[in-house]
Amino acid sequence: MQKIGVFVCWCGSNIAATVDVEAVAQASLSEPGVVFSTNYQYMCSEGGQSAIRNAIAEHGLTGIVVCACSPRMHEATFRKTAAVAGLNPYMVEIANIREQCSWIHRDKEEGTKKAIILARAAVAKLNRNVPLIAGESQVIKRALVIGGGIAGIQTALDVADAGYEVDIVEKTPTIGGKMAMLDKTFPTLDCAACILTPKMVDASAHEKISLFTYSEVESVSGFVGNFTVNIRKKARGVNSDLCTGCGVCIEKCPSKKAKSEFNQGLCNRSAIYIPFAQAIPNVPVIDRESCIKFQTGKCGVCEKVCTAKAIDYAQEDEIITRQYGAIVLATGFKPISLESYDEFQYNQCPDVITSLEFERICNAAGPTKGKVLRPSDHEPPKTVVFVQCVGSRATVECGKTYCSKICCMYTAKHAMLLREKYPDTEVYVFYIDVRTPGKSFDEFYRRAVEEYGVHYIKGMVGKVAEEDGRLIVQGSDLIADKQVIIEADMVVLAAAIEPDPTARSLGTMFTASMDTNDFFTEAHPKLRPVESPTAGIYLSGLCQGPKDIPDTVAQAGAAASKVIGLLSKDKLVGNPCVAACNEPLCNGCSTCELVCPYGAITYEEHLVVDHGVRETRRVSCVNEAICQGCGACTVTCPSGAMDLKGFTNLQIMAEVDAICR
Amino acid sequence: MRRVRDMMRSRAGELLKDGAVTRVLGWKSGEFYYDPTPSFFDTEESLDELVYNGFSAAMLSKYLIEATKKEGRVLVFLKPCDTYSFNHLLKEHKVDREKTYVIGVGCGGMLDIEKLRALGVKGIESMEELGENLVIHTLYGDKKFARGDVLLEKCATCKGLEHKASDELAVPDELWEWETSDRFARVSELEGMTSGERFAFWRGELSRCIRCNACRNACPVCSCNKCVFDNPRSGVIAKANADTFEENMFHIIRAFHVAGRCTDCGECSRVCPQNIPLHLLNRKFIKDINAFYGEYQSGESVDGKSPLTEFRTGDVEPGIVHERGGA
């Protein structure tokens, strides 16, 4: 028989105002096993915790029920308290009489009645609790960063600087990500390449960092501290060890019809290419779709001109298996497709471009060598209209409901750069609101308006039409309360940003949950912003939500510090509330294996002894280190062989019985 | 059907003789003509007792669970519908495929003795099965029927005459094929009732249950080593019934346990001595699964996941129950 103590918390007036805490403490005394009960103003305070410790010692309690707030809040606190007093921490049950009772009731009598029932259920469960011992597992001291943009690079550098090995897997041929495409960065207007490329070099030169570019994560197994990942190194067609990066192959390649992805399709590239001059690694890739050799079998110019003999047409994809203790998702973003926005004529008029295309046009290393020229006729535009919130904060189906956060600032930057370089250009910006919360952000925007004379018009653009080589932009000016029509030479659309599409499959692979927009969700939006709910998976950069470069770098560092915290441990203590198989009852049907979202269940041939009958048969085995205790297997098991420690079927039935009593 | 039986006897004899199989699982005469009983045959001579006729409805797949635990290979005769249950047992690793040799036997639809009794048939001595015509010789003279009128419910709504698993077939060319009816027709009727009417219907049907466990024992999906109802730790046995509703719950829980796995073989209703239409509970699940997750036939193949053990982004939301006016 258990000796149970019940501790009822007032939570100041949070609970005590709607629940008669004294009555709850008194009522619980008549429950089976309860030998002591009390109430206190703040049970989580030192005073409350010492009352618990003293009662455990004085009454020889074998378990405690704390009637207080949600277990999410203080279960860990009270488990520690119990452990200090010599109790097994899993002999603690929380009756949530705050979120599930006092906060949702007004009537004190009703609230008290319900609190008594909730306490009763917790006592009934505790009567069936058994001490649980958590297992330990090793930590592999290497991290994997998926995505080689600024977020991934920063996280990798921070983790590597702490002395741990890091691998970066990047799906494109180079690291650098979207930031490498940018011209200047707000609000300081320093050039993106000047601050990024040194970091790219640092990452590639760091003795603790290995780069896997043009590679993708194929599959993952394992659990926090012990992940095994298969990485597909796609065939470059070029032997990285031999290539000297001289670039002759690129120069001589006769196929130059492929659109340059890096330049947003604004110019062409050869079939064998590096995305941009500062690419890391400086090893070309053969794009097999546009390569004449691969398509027709004839050509082979690059092989002939390569003095290093690095061209290898027969190269095949390679699968590399590596082990990691922690994984960081830094998969980044892309601008949304503007196919469905016919009102802006994006698909029809070459001079209607996205902001990222504008970045390339502004960039000295871009297709126009930094001269702002219209894509259609390569003439400098005299009037440029910027349209903000294209697909952001949208109420229509094709858009995104969220604010993309970066567009207000980069549009102000674009407008300012344009006015600075070409003071005779008229620049208009259509906006819904200008959002500038950030250090020196509002000053930056005001400079665009006040010093650079950019015309900001509050209102949306309804229609863009091409007439005699000019773009007729029709919009509304909400402040002047009138329609405006602007004859422009170029229209720049601030397209909403969305998570990179590869995030979805990675999310499934890593069981990292996502929100409705495919951004990865945090373990807690305020208190654990860089951790995924799945242990050992961390989030860095835009894959978690829209953010600018300063925020991304800050978050990348935060993710790195969490990774370092994990890798610095020699052993991890697991959660003992995991599934367990009752072998004599197990049928070996595999249903639990099929539903397990973590791959924690395998089947093995075991000798099963049931009432003297010995039989070797196939039974379910739970890897306690992988199991997250979700309980999917326990509800799917037809024979009831699977049970969850700490939440056994009997415990839950006891709670239900107590509530229905 | 007689031709099928002869094919079965001769092939079984050959396979036993050359040692390809050590035992044969088939049917032999029961106490009455209308109850051929599952039986093992291990010599060529004993095969003279092997019967196969319109009353060989009993499914043999489940007997393989124990049979394949023993040494040697078992020859089993499976009707088309029995192959679904066979596949399901393979999927759940209950039967060792290596230790089985499957002969898919042709089927002309199995006969419902209850329907025949209702038509006044008793004292059956033998029967001639001539395509769609049936001549039954009884102690009281011959009776003639159209086969389609006296088929078992599970055969009237037959899933099809294709064997979903077999090593070889014993199907004669000119086998009678019949028109099947909608297997969900009665489920739809029940769905049309108010919840009160439906509750009353099931209370009435299930009140006849004598807990003989025949449904559980015949069910190819109910193949647990130890059923939850026999497990003292489950908290449901050795307990005085609060009221008869608790007894009814046996069938509800059983239906939940086989949901997404039930092959719709219809054995539960066929073997029920109290004629409770238990298959309707399972068919309701099948109908809903088809509607919510796309058509799915358990046992159609050994591979693949059942919709209830698979998570897909397009999966039905729980709110659908509310939309459909359910409680």
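All figures in this text were calculated on a predicted structure; none of them were measured in a lab. Naming: A, B, ... by sequence-line order, numbering from 1 per chain. We use all heavy atoms of the structure for the numbers below, so side chains are in, but hydrogens, waters and symmetry mates are not.
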Derivation and outcome, side chain to side chain contact (heavy atoms under 4.5 Å, CB included), residues Glu310(B) and Leu594(A) | CA-CA 7 Å; Glu310(B) 188 177 38; Leu594(A) 292 175; over 6 Å; no

At a heavy-atom separation under 4.5 Å, does Cys592(A) approach chain B through its side chain, its backbone, both, or neither?
-> neither

Under 4.5 Å to a heavy atom of chain B? For Pro597(A) that would be neither

Is it the case that more than 12 heavy atoms not belonging to [X] sit under 6.0 Å from its [atom1] atom?
| X | atom1 | answer |
| --- | --- | --- |
| Arg614(A) | CZ | no |
| Glu605(A) | CD | yes |
| Glu604(A) | CD | yes |
| Arg72(A) | CZ | no |

Which portion of Lys69(B) sits near chain A, non-hydrogen atoms under 4.5 angstrom = side chain

Look up atom OG1 in Thr591(A) and atom NE2 in His93(B), then write down how far apart they are to the nearest 0.5 Å.
-> 9.0 Å

Value for CG (Asn587(A)) from NZ (Lys226(B)), rounded to nearest 0.5 Å, stands at 12.0 Å

Under 4.5 Å, heavy atom to heavy atom: which of residues 206-224 of chain B reach chain A? Give them by number, or say none.
-> Ser223(B), Cys224(B)

Donor-acceptor contact below 3.5 Å, side chain Lys94(B) vs main chain Cys589(A) | no

Measure from the side-chain N and O atoms of Asn225(B) to the backbone N and O of Leu585(A), and report whether any donor-acceptor pair falls under 3.5 Å.
-> no

Leading residue by heavy atom contact count with chain B [cutoff under 4.5 Å; candidates Ser639(A), Gly640(A), Pro638(A), Ala632(A)] | Pro638(A)

